[in-house]
Amino acid sequence: MFTADDYQYMARALHLAERGLYSTMPNPRVGCVIVKENKIVGEGAHLKAGEPHAEIFAIRQAGGRAKGATAYVTLEPCSHTGRTPPCSQAIVNAGITKVIVAMQDPNPQVSGSGLAHLQSYHIEVATGLMERQAQELNPGFISRMMYNLPYIRSKIAASLDGKTALKDGESKWITGEAARLDVQHWRARSCAILTGAGTVLADNPSMNVRELSIGRQPLKVIVDSQLQTPVNANILRGGNLLIAFAKDSQNKTNQLLETGAELLCIPNEDGKVCLKTLLSHLAIREINEVQCECGEVLNGALMSQKLIDELLIYYAPKLMGSPAKGMFAMSEFTSMSQVIALDILDVRQIGADIRLRAKPNYVN
């Protein structure tokens with residue numbers, strides 16, 4: 001159905017979409033290439049919410065050469081007016097006669113309407129070219145549109161024997177400098193960084209993007225059931241912080257509010273933070289991707305509730321011994337049928353460390 005040239009042009013569109021990796025949120029990352037007579041005449045990427053979409057930049061660059069051309073777009077052109085006019089009508093107005101789309105819009109309320117609009121003007125439409133690659137660019141946007149939840153990626157630094165901290169909590173530094181720099185790229189593409197009160201108390205982290213200039217900082221989120229976060233903690237600096245709690249056991253609400261922190265009381269029946277409610281709240285706030293950087297207790301709770309979508313594990317060539325802390329504090333499995341299988345996405349060496357990406361394959 002698709003030619004080698006089609007793959008080449010869509011690959012270019014996907015490459016363009018990556019330009020918005022750190023900046024398009026809450027919008028998806030989209031690229032567009034316009035081709036006429038086997039030559040690229042226009043291309044563009046969506047870079048920031050409120051600014052023109054990828055198709056508009058490509059059409060502007062192509063000018064009159066867009067008439068009779070083919071457009072390659074990584075996501076179905078929008079057919080509704082939001083912060084910007086609909087791209088599907090811009091394609092019609094430009095005289096483009098064929099549109100090849102990698103993936104349809106994941107929003108079930110609008111999916112297919114952009115394609116139908118193009119077809120109503122007798123524009124030839126084809127979908128599914130390099131769909132998987134397009135989906136990998138926007139896991140958070142897809143999750144939010146389809147499930148009303150952000151995409152949860154848990155980052156863990158561990159020794160080869162699966163330990164994340166010594167028995168007394170010391171963990172600085174398990175991995176090397178190259179791995180820590182790599183983490184900054186994953187933070188930068190996230191809309192929020194989530195951690196637990198235990199990590200705040202033990203490590204006093206800042207949880208911000210360093211080394212990269214992206215023009216913004218992700219929302220910082222602390223899961224703190226008893227509201228133990230110190231008012232002088234590093235993570236409170238600079239604002240942009242949400243603390244989810246269940247009970248103000250130390251009467252610290254007013255002190256924390258005075259620092260600029262936002263508080264959200266969402267207890268579950270066990271007197272802890274309701275994690276599903278927290279993630280639903282983040283989705284309502286148009287948070288696409290959340291990077292979790294927490295200890296074994298919160299990681300275990302998220303995994304037990306099947307809320308982790310992806311693991312980003314950095315294994316250091318070290319052994320820390322059995323008394324050290326593990327990755328997930330979870331209830332004991334009594335049968336191999338209960339264990340959580342992982343689908344390995346990628347394994348590569350980062351400096352002296354090994355980075356593994358995997359998706360939990362939950363059994364319903």
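This is a predicted model, so every value here is computed, not measured.
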So, Asn234 side chain and Pro205 main chain: donor-acceptor pair closer than 3.5 Å or not? no

Under 3.5 Å, is there a donor-acceptor pair between the side chain of Glu289 and the main chain of Ala192? no

Tell me if a side-chain donor or acceptor on Asn361 pairs with a main-chain N or O of Asp343 at a distance below 3.5 Å. no

Considering only Ile, Leu, Val, Met, Phe, Trp and Tyr, and joining two whenever side-chain heavy atoms are under 4.5 Å apart, list the other residues clustered with Ile174. Leu166, Met320

Smallest separation among heavy atoms of Ala69 and Ile34, with atom names: CB-CG2, 3.6 Å

Taking CD in Glu37 as the centre, count heavy atoms belonging to other residues, nucleotides or ligands within less than 6.0 Å. Is the count above 12? no

Could you check whether atom CZ of Phe2 has more than 12 heavy atoms from other residues, nucleotides or ligands sitting under 6.0 Å from it? yes

Which atom pairs, one a donor and one an acceptor, fall under 3.5 Å between side chains of residues 10-18 and the rest of the protein, sequence neighbours left out?
unit_1, atom_1, unit_2, atom_2, d
Arg12, NE, Glu43, OE1, 3.1
Arg12, NH2, Glu43, OE2, 2.7

Testing Lys220, Arg180, Arg187 for salt bridge (charged side-chain N to carboxylate O under 4.0 Å, His left out) with Glu293, which one passes? Arg187

Ring pair (Phe, Tyr, Trp, His ring centres under 6.0 Å) filter on Tyr9, not counting sequence neighbours, yields Tyr72

Under the criterion side chain to side chain contact (heavy atoms under 4.5 Å, CB included), I'd like the reasoning laid out for Lys318 against Lys163: C-alpha separation, chi angles, the key distance, then a yes or no. CA-CA 9 Å; Lys318 301 172 182 177; Lys163 304 301 180 179; over 6 Å; no

dist Ser159:OG -> Tyr315:OH (nearest 0.5 Å) comes out at 9.0 Å

Before giving the answer on side chain to side chain contact (heavy atoms under 4.5 Å, CB included), spell out for Ile152 and Glu310 the whole-Å C-alpha distance, their side-chain angles and the decisive distance to 0.1 Å. CA-CA 6 Å; Ile152 308 303; Glu310 180 181 330; over 6 Å; no

Gap separating the CG atom of Leu298 from the CG atom of Leu275, nearest 0.5 angstrom: 6.0 Å

Who passes salt bridge (charged side-chain N to carboxylate O under 4.0 Å, His left out) against Lys98, sequence neighbours left out? Glu124

Can you list the steps and then say if Ser111 with Asp105 is a side chain to side chain donor-acceptor pair (under 3.5 Å)? CA-CA 5 Å; Ser111 181; Asp105 192 320; over 6 Å; no

So, for Ile340 and Met303, which heavy atoms are closest and what is the spacing to 0.1 Å? CD1-CG, 3.6 Å

For Ala66 against Ile96, the heavy-atom pair lying closest together: O-CG1, 3.5 Å

Show me the pairs that pass side-chain hydrogen bond (donor to acceptor under 3.5 Å, both in side chains) and involve residues 239-249, at least two apart or across chains. Asp248-Thr253

Arg153 (side chain) donor-acceptor with Gln291 (main chain) under 3.5 angstrom: no

What residues join Leu257 in its hydrophobic cluster, counting side-chain heavy atom gaps under 4.5 Å, either direct or through other members? Ile193, Val200, Met207, Ile222, Leu227, Val231, Ile235, Leu236, Leu241, Ile243, Phe245, Leu256, Leu263

When you measure from the side chain of Asp270 to the backbone of Lys272, do you find a donor-acceptor pair of N or O atoms at a distance under 3.5 Å? no

Would you say the side chains of Asp353 and Thr175 form a donor-acceptor pair under 3.5 Å? no

Please round to the nearest 0.5 Å and tell me the distance separating atom OG of Ser154 and atom CD1 of Ile313. 7.5 Å

Excluding Trp186, membership of its hydrophobic cluster (Ile, Leu, Val, Met, Phe, Trp, Tyr; side-chain heavy atoms within less than 4.5 Å) reads Val183, Leu312, Tyr314

Using 0.5 Å steps for rounding, measure from the CG atom of Leu302 to the SG atom of Cys294. 6.0 Å

Name all residues meeting the ring pair (Phe, Tyr, Trp, His ring centres under 6.0 Å) criterion together with Tyr7; count only those two or more places apart in sequence or in a different chain, and write none if there are none. none

Set of salt bridge (charged side-chain N to carboxylate O under 4.0 Å, His left out) partners for Arg144, sequence neighbours left out: none

Nearest heavy atoms of Leu278 and Ala244, plus distance in Å: CD1-CB, 4.0 Å

Return the orientation label for the Tyr22 and His185 ring planes: parallel under 30°, perpendicular over 60°, tilted otherwise. tilted

Rounded distance [0.5 Å steps], CG in Leu137 versus CG in Leu21: 7.0 Å

Audit row: Asn93, Gln89, side chain to side chain donor-acceptor pair (under 3.5 Å) steps and yes/no: CA-CA 6 Å; Asn93 296 342; Gln89 187 59 48; 2.9 Å; yes

Other ILVMFWY residues reachable from Tyr151 by side-chain steps of under 4.5 Å: none

Taking Glu296 for the side chain and Lys325 for the main chain, is one N or O donor matched with an acceptor at less than 3.5 Å? no

Can you give me the closest heavy-atom contact between Val73 and Cys32, atom names plus distance? CG2-SG, 3.9 Å

Under a 4.5 Å cut-off applied to non-hydrogen side-chain atoms, are Ile100 and Thr127 in contact? no

Without swapping roles, check the side chain of Ser120 against the backbone of His117 for a donor-acceptor pair under 3.5 Å. yes

Lys359/Leu345 under side chain to side chain contact (heavy atoms under 4.5 Å, CB included): CA gap, chis, key distance, verdict: CA-CA 7 Å; Lys359 289 183 69 67; Leu345 304 177; 3.5 Å; yes

The test is side chain to side chain donor-acceptor pair (under 3.5 Å); show your working for Thr259 and Gln255 and say whether it passes. CA-CA 7 Å; Thr259 69; Gln255 296 179 62; over 6 Å; no

Please identify each residue that fulfils ring pair (Phe, Tyr, Trp, His ring centres under 6.0 Å) with His281, with sequence neighbours left out. none

Could you tell me which residues satisfy salt bridge (charged side-chain N to carboxylate O under 4.0 Å, His left out) with Arg355, sequence neighbours excluded, listed by chain and number? Asp182, Asp346

Side chain proximity check, Val99 to Thr70, heavy atoms < 4.5 angstrom: no

Look at the side chain of Ser335 and the backbone N and O of Ser337, then say whether any donor-acceptor pair between them is shorter than 3.5 Å. yes

Taking NZ in Lys36 as the centre, count heavy atoms belonging to other residues, nucleotides or ligands within less than 6.0 Å. Is the count above 12? yes

Can a donor-acceptor pair be found, under 3.5 Å and without considering hydrogens, that links the side chain of Ser304 to the backbone of Met330? no

Can you tell me if Ser88 uses its side chain to pair, donor with acceptor, with the backbone of Leu118 under 3.5 Å? no

No-hydrogen, no-angle side-chain donor-acceptor test under 3.5 Å, Thr3 and Asp6: yes

Min side-chain heavy-atom separation Val290-Cys191 under 4.5 Å: no

Do the charged groups of Arg285 and Glu262 touch, with an N to O distance under 4.0 Å? yes

With a cut-off of 6.0 Å (strictly less than), are more than 12 heavy atoms of other residues, nucleotides or ligands near CD of Gln305? yes

Between Phe141 and Met146, is a side chain to side chain contact (heavy atoms under 4.5 Å, CB included) present by the stated rule, with each step listed? CA-CA 9 Å; Phe141 181 75; Met146 296 185 68; over 6 Å; no

